[in-house]
> 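Sharing a structure with you now.
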Amino acid sequence: MTLDPVLLTLDLIGTFAFALNGALVAIRLANVDIIGVLTLGTVTAVGGGIVRDLMIGDTPPATFSDWRYLAVAALGSMVAFVLGSRLDRLTMPITVLDAAGLSLFAVTGAHKAVEFGLGPVQAIILGAVTGVGGGTIRDMMLRQVPTVLRQELYAIPALAAAALVVLVPSFGWGLFVPVTAALICFTWRMVAVVLDLHAPKPLRAPHHED
Amino acid sequence: MTLDPVLLTLDLIGTFAFALNGALVAIRLANVDIIGVLTLGTVTAVGGGIVRDLMIGDTPPATFSDWRYLAVAALGSMVAFVLGSRLDRLTMPITVLDAAGLSLFAVTGAHKAVEFGLGPVQAIILGAVTGVGGGTIRDMMLRQVPTVLRQELYAIPALAAAALVVLVPSFGWGLFVPVTAALICFTWRMVAVVLDLHAPKPLRAPHHED
Amino acid sequence: MTLDPVLLTLDLIGTFAFALNGALVAIRLANVDIIGVLTLGTVTAVGGGIVRDLMIGDTPPATFSDWRYLAVAALGSMVAFVLGSRLDRLTMPITVLDAAGLSLFAVTGAHKAVEFGLGPVQAIILGAVTGVGGGTIRDMMLRQVPTVLRQELYAIPALAAAALVVLVPSFGWGLFVPVTAALICFTWRMVAVVLDLHAPKPLRAPHHED
């Protein structure tokens, strides 16, 4: 329950990124008002961490035992509310912030799972689950098929970042390994998005494509 | 784990209201039989409380440790099953019962969160989560965008009721504060529904409206 | 936390069946690649057990404390990935595997709930929840109305199997009662599917049908 400052810092940055992301997605829906923006921002921001904490048995989840998570989630949602309506196109900020939240939560989720005694494989998977969790709940609330099912290079970078954190014995170097892992995941994800941008796969193609 | 009788009574009434609500929604789907009605009624009725109990670490949730919750949820679902097919229009009963469940669970959720040691802000938010939880799961199972995202005056009254329960130091007056808080939330919600009835916001407008 | 070998064996077979099922459903979506297949297979396979373990307070869930669950889920998903693209019609294998997972998880869920001290009614319901949980999450991720809401003879056989396990005092006979209960549930479910095959109910009929 004592939070490693490394974990906490990255976790709060991820919370902020996902809150911005979820709130901008809510704004793009156009008919959502401030409460809808706050709700979807907060759910996206704290969903992954709550899933992680329920899985490792750390209740109440950090979201509810440390006021900073909810404060940061609300702040991120409000920033998006103020800025979002002035932006013409929200697609790129939404994607970048989603990749940032994914990367940071994969790292912190894996880190916390190790601290709570889970085995390495389980910690890697739980790291990825933490990364994709908030976005998956966001997508399910908005009736989208979750990104993790649609895009190959969403879960794989998260798994890679989580694996780096779990397998490289390096916290003597402070933030070096987790930040590097998060940057690798983020870069990998963004390259995948940019290269795939004009070749989206159809959701329900009449025939198999493989 | 020892349940305050005030909490328990209001919790069971909320369970009954949400069970009726969820079951009537299932009946309105028209192709759902008795098991579908029972399932959706029960999920709506116990979903918020289960989320609350998982968050505060009270496992097994009250739903599974106190038989009365499941009995009341089943009873409410069956009453709806018998009455529902005789009602021509289900919209108003569904809305009223949803507002009742929302109000009661916001109060009991906040109350229980305080009892389990959460801070005031977290308890208020968790109260609102308890209130909107069952309906949100209901909506997600039925592929609706959850009400909490679509309607401003759904979460706000729940937050207000939870705040009253958390911040007014008054349980020496027995049911007075929680019942008053629930009534305020219920009235507020119903006024909002009635006034908005002919001005629904489009779900995915092509342009921003703010 | 010490796992009964009977429970464990049936639980792992159910995990395998649901992993195959979820992965084949993902393949039928046609635009899902290997990660989508692995994810949906694993979520379907471990979802019910995670819900069960969160409810009874056994955290981390068996999925994360015993490596065999994730290994079996990944194996089942990969087998489906290799075999699935060679099958012309996936409907029948998907249905059979879903019925198998439903049956086995209803039995093991009820069994484990009893071991953790839940009352008989709660254990029966939690058994059924374990059985329908993975498929329900699968359906919600894919924007389907969950089977449990649409088909009468989905939850009822699961409840029956769970009731047999909870109420018949027979573990001196080893696998006899749980395997019989699972077979009854499986047969019942398959008969229901085959007989209803050409009479699907409309999802949102304009008028009531009862």
Side-chain angles (χ1 to χ4, degrees), chain B residues 1 22-44 46-47 49-51 53-71 73-74 81-82 84-90 136-146, chain C residues 50-59 61 109 112-114 116-129 132-133 135-137 139-160 192 196 199-210:
Chain B
M1 209 78 82
L24 290 176
V25 171
I27 290 166
R28 196 167 57 178
L29 281 180
N31 69 323
V32 170
D33 48 36
I34 190 167
I35 289 294
V37 170
L38 267 171
T39 304
L40 200 59
T42 304
V43 166
T44 309
V46 304
I50 286 177
V51 169
D53 290 349
L54 290 180
M55 294 298 169
I56 62 179
D58 182 24
T59 55
T63 305
F64 290 105
S65 58
D66 185 331
W67 63 271
R68 286 171 289 198
Y69 287 96
L70 286 171
F81 185 75
V82 171
S85 51
R86 299 185 190 158
L87 297 175
D88 264 346
R89 287 180 58 79
L90 296 173
T136 299
I137 298 173
R138 175 200 65 210
D139 291 341
M140 289 172 73
M141 289 182 82
L142 296 172
R143 301 182 299 179
Q144 308 292 315
V145 172
Chain C
I50 286 177
V51 170
R52 174 198 64 202
D53 289 349
L54 291 178
M55 294 298 168
I56 62 178
D58 182 25
T59 54
K112 187 163 182 178
V114 169
F116 274 72
L118 269 70
V121 172
Q122 290 92 328
I124 291 168
I125 289 171
L126 199 50
V129 167
V132 308
T136 299
I137 298 172
D139 291 341
M140 290 172 74
M141 290 183 81
L142 296 172
R143 301 183 298 179
Q144 308 291 315
V145 173
T147 308
V148 67
L149 291 185
R150 287 183 288 115
Q151 303 196 1
E152 184 174 14
L153 293 176
Y154 193 71
I156 289 180
L159 287 165
D196 281 351
K201 294 183 182 175
L203 190 58
R204 286 164 181 277
H207 302 293
H208 286 229
E209 295 177 352
D210 357 326

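Numbers restart at 1 for each chain; the letters A, B, ... are given by sequence-line order, proteins then strands. The basis for the numbers below is simple: all heavy atoms, side chains too, and nothing from hydrogens, waters or symmetry mates.
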> Picking from Thr59(B), Asp53(B), Leu54(B), what satisfies side-chain contact (heavy atoms from CB on, under 4.5 Å) with Leu54(C)?
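Only match with Leu54(C) under side-chain contact (heavy atoms from CB on, under 4.5 Å): Leu54(B).
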> Pick whichever of Gly57(C), Pro146(C), Ala155(C) has the most heavy-atom pairs under 4.5 Å with chain B.
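Of the candidates given, the most pairs with chain B belong to Pro146(C).
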> Val132(C): what forms a side-chain contact (heavy atoms from CB on, under 4.5 Å) with it, not counting sequence neighbours?
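For Val132(C), the residues satisfying side-chain contact (heavy atoms from CB on, under 4.5 Å) (neighbours in sequence not counted) are Leu102(C), Thr136(C), Val148(C), Tyr154(C).
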> Any idea which heavy atoms bring Gln122(C) and Ser65(B) closest together, and the distance?
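It is NE2-C, 4.3 Å.
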> Nearest 0.5 angstrom please: Leu149(C) CG to Arg138(B) CZ, how far?
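Answer for the CG-CZ pair, Leu149(C) versus Arg138(B), is 12.5 Å.
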> Using non-hydrogen atoms and a 4.5 Å limit, figure out which bit of Ile34(B) sits close to chain C: side chain, backbone, both or neither.
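For Ile34(B), the contact with chain C is made by the side chain alone.
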> Can you tell me which portion of Leu70(B) sits under 4.5 Å from chain C's heavy atoms? Options are side chain, backbone, both or neither.
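The side chain, not the backbone.
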> Can you name the residues that form a side-chain contact (heavy atoms from CB on, under 4.5 Å) with Val46(B), not counting sequence neighbours?
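Partners of Val46(B) by the side-chain contact (heavy atoms from CB on, under 4.5 Å) criterion, ordered by chain and then number, come out as Thr42(B), Ile50(B), Thr63(B), Ala73(B).
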> What verdict does the side-chain contact (heavy atoms from CB on, under 4.5 Å) test give for Leu126(C) and Phe64(B), after you've listed the backbone C-alpha separation in whole Å, the side-chain angles of each residue and the deciding distance to 0.1 Å?
CA-CA 8 Å; Leu126(C) 199 50; Phe64(B) 290 105; 3.7 Å; yes
> How long is the span from the CE atom in Met140(C) to the CG atom in Leu142(B), to the nearest 0.5 Å?
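Reported to 0.5 Å precision, the distance equals 9.0 Å.
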